[in-house]
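Data block below; observations after.
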There are 2 protein chains.
Amino acid sequence: MRIGELAVRTGASPRSLRYYEQQGLLVSARTPSGQRCYGDEHVQRVALIRTFLAAGMSSRTIARLVPCMKRPTMDGARRASAVMSQERARLSSEIDSLAAAREALDHLIEVNRTFMADAADAADGSGAGGAGGAGGTG
Amino acid sequence: MRIGELAVRTGASPRSLRYYEQQGLLVSARTPSGQRCYGDEHVQRVALIRTFLAAGMSSRTIARLVPCMKRPTMDGARRASAVMSQERARLSSEIDSLAAAREALDHLIEVNRTFMADAADAADGSGAGGAGGAGGTG
DNA sequence: CTAAACGCTCACATCGATGTCAGGGGCAAG
DNA sequence: CTTGCCCCTGACATCGATGTGAGCGTTTAG
C-alpha cells in the first residue's frame with residue numbers, strides 16, 4: 001500500500017510517517033518512481049511507534065528499540081535491553097507523577113465542592129452546613 | 001523571602017518562578033525597589049504548580065485552577081470545577097496511555113530476552129532452549 | 001567605598017513532533 | 001492531452017516551559 005492508505009489505517013498523517021522514516025523508525029520499499037510502499041505488517045509497526053510516542057518517548061529513544069522490533073541482532077538486543085529497562089523506569093515514574101497530580105487534583109476538587117456547599121448554606125441563611133471554613137491558602 | 005530562596009526551596013529556577021507569575025499562577029509582593037517577596041505558603045503553592053506542570057498540564061490550564069487554590073469565589077469555583085473534572089479525565093487517559101506503553105515495552109523486553117536466550121543456546125550447540133523461534137516482525 | 005552576589009526586565013534560543021506551503025512528478029480516467 | 005488526485009522533497013512555522021545573556025539597579029559583606 002502507499003503512504004496515504006497507511007496513514008488512514010494508522011491515524012498518522014503522511015507527514016508523520018515520513019518523519020518516522022527519516023528518524024529511522026520505519027523503513028519503506030520504493031516504487032521505481034520513488035513512491036513509498038508498505039505491507040500490512042507496517043500497520044502494526046506504526047501502531048507500536050505511536051504508542052511509544054504517545055507515552056512521551058522521543059523518536060531517538062524509539063529508534064534504539066527498533067533493531068529489536070524486527071530482526072534482532074545480538075548487538076541490537078544487548079544495547080536495546082539497557083534502553084528498555086531504563087525507559088521502563090521512566091514510564092513508571094511518569095505514571096507516578098500523573099497519579100500524584102491526579103490526587104492533588106482530587107483534593108482540590110473536594111475543597112472546591114466543600115466551598116460551594118458552604119457558600120450555598122450561607123446563602124440559605126441556615127448556619128448548619130460544611131464542617132470547617134473554606135478559607136485556604138491552598 | 002526573595003526569589004532566590006524560593007527557588008532553592010522549591011527546586012524551580014528563578015526564571016521559572018518569574019514565568020509562573022507572568023502566567024498568573026503566582027502572585028508576589030514587591031519591595032519598594034521592585035524585588036519579589038514571598039511567604040512560606042508560596043513554597044507549597046509552587047510545589048502544587050510543579051506537580052501539575054510535571055503532569056503535562058499547561059500553565060493556562062493551571063491558571064484556571066488558581067482562583068480555586070487561594071480564596072475561592074463562586075465564579076471561580078464553578079468555572080474551575082468544569083476544568084478540574086475535564087483535566088482529571090485527561091490525566092486518567094494519559095495514565096492509561098503510559099500503562100499501555102509500558103505493557104508494550106514489557107512485551108518487547110520479553111521477546112528480546114527470549115531471543116538472547118535462543119542465541120546463546122545456538123552458540124552452545126545444544127539444540128534445547130527457548131520454545132519458539134525469535135523471528136518476529138515486532 | 002567597593003566588590004560580590006542577587007534581582008529586575010527584555011529578548012532570543014531550544015527541543016520535538018507535526019502542520020503547512022511551494023514546486024515538481026506519477027498515474028489513472030476522461 | 002488534460003484533469004484530478006496522490007506522491008515526492010525541502011523549508012519554514014508552531015507551541016510551551018525553560019535556558020541564557022545583556023544591561024542595569026539593589027543589597028550585603030569587607
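This one's a predicted model, so the numbers in the text were calculated from it and none came from an experiment.
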Side chain to side chain donor-acceptor pair (under 3.5 Å) partners of [X], counting only residues at least two apart:
X: B:Arg113; value: none
X: A:Ser93; value: none
X: B:Gln86; value: none

Pull out every residue in residues 94-102 of chain A that has a heavy atom closer than 4.0 Å to any atom of DNA chain D, ordered by number, or say none.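 By residue number: none to list.
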All N/O contacts under 3.5 Å from nucleotides 22-29 of chain C to the protein, with atom names and distances to one decimal?
| unit_1 | atom_1 | unit_2 | atom_2 | d |
| --- | --- | --- | --- | --- |
| C:dG26 | O3' | A:Ser33 | OG | 3.4 |

Does D:dC7 have its OP1 or OP2 closer than 4.0 Å to a side-chain nitrogen or oxygen of A:Arg36?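 False: A:Arg36 side-chain N/O out of range (4.0 Å or more) of D:dC7 OP1/OP2.
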Any salt bridge (Lys or Arg N to Asp or Glu O under 4.0 Å) involving residues 4-13 of chain A? Give me the pairs, sequence neighbours left out, ordered by first then second residue.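 Applying salt bridge (Lys or Arg N to Asp or Glu O under 4.0 Å) to every pair that reaches into residues 4-13 of chain A, excluding sequence neighbours, yields A:Glu5-A:Arg9, A:Arg9-A:Asp40.
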Return each pair, listed once, that meets salt bridge (Lys or Arg N to Asp or Glu O under 4.0 Å) where at least one residue sits in residues 92-104 of chain B; pairs must be two or more places apart or across chains.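 For residues 92-104 of chain B, and leaving out neighbouring residues, the salt bridge (Lys or Arg N to Asp or Glu O under 4.0 Å) pairs sorted by first residue read B:Arg90-B:Glu94.
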Taking all atoms of both residues into account, what is the closest heavy-atom pair of B:Arg45 and B:Val66, and its distance?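 Closest approach of B:Arg45 to B:Val66: NH2-CG1, 3.0 Å.
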Which residue pairs satisfy the ring-ring contact (aromatic ring centres under 6.0 Å, His included) criterion with at least one member in residues 23-47 of chain A, sequence neighbours excluded?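 Qualifying pairs, neighbours excluded: A:Tyr38-A:His42.
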Round to the nearest Å and state the distance from [X] atom [atom1] to [N] atom [atom2].
X: A:Ile49; N: C:dT18; atom1: CD1; atom2: C1'; answer: 15 Å
X: B:Glu5; N: D:dT27; atom1: CD; atom2: C1'; answer: 15 Å
X: A:Arg30; N: D:dC8; atom1: CZ; atom2: P; answer: 6 Å
X: B:Arg18; N: C:dC12; atom1: CZ; atom2: P; answer: 18 Å
X: A:Met1; N: D:dC7; atom1: CE; atom2: P; answer: 12 Å

Taking only residues two or more places apart in sequence or in another chain, which ones pass salt bridge (Lys or Arg N to Asp or Glu O under 4.0 Å) with B:Arg79?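 If we apply the salt bridge (Lys or Arg N to Asp or Glu O under 4.0 Å) test to B:Arg79, skipping adjacent residues, the hits are B:Asp75.
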Could you list the residues that satisfy salt bridge (Lys or Arg N to Asp or Glu O under 4.0 Å) with A:Arg50, not counting sequence neighbours?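 Salt bridge (Lys or Arg N to Asp or Glu O under 4.0 Å) list for A:Arg50, sorted by chain: empty.
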Using a strict cut-off of less than 4.0 Å between a Lys/Arg side-chain nitrogen and an Asp/Glu carboxylate oxygen, indicate whether A:Glu21 and A:Arg36 qualify as a salt bridge.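 Here A:Glu21 pairs with A:Arg36 in a salt bridge, since their nearest N and O are under 4.0 Å apart.
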N/O donor to acceptor pairs below 3.5 angstrom from side-chain atoms of residues 11-18 of chain A, sequence neighbours left out:
| unit_1 | atom_1 | unit_2 | atom_2 | d |
| --- | --- | --- | --- | --- |
| A:Ser13 | OG | A:Ser16 | N | 3.1 |
| A:Ser13 | OG | A:Ser16 | OG | 3.0 |

Encode nucleotides 12-22 of chain D as B, S and - characters from 5' to 3', where the letter depends on protein heavy atoms closer than 4.0 Å: B to the base, S only to sugar-phosphate, - to neither. -----BBBB--
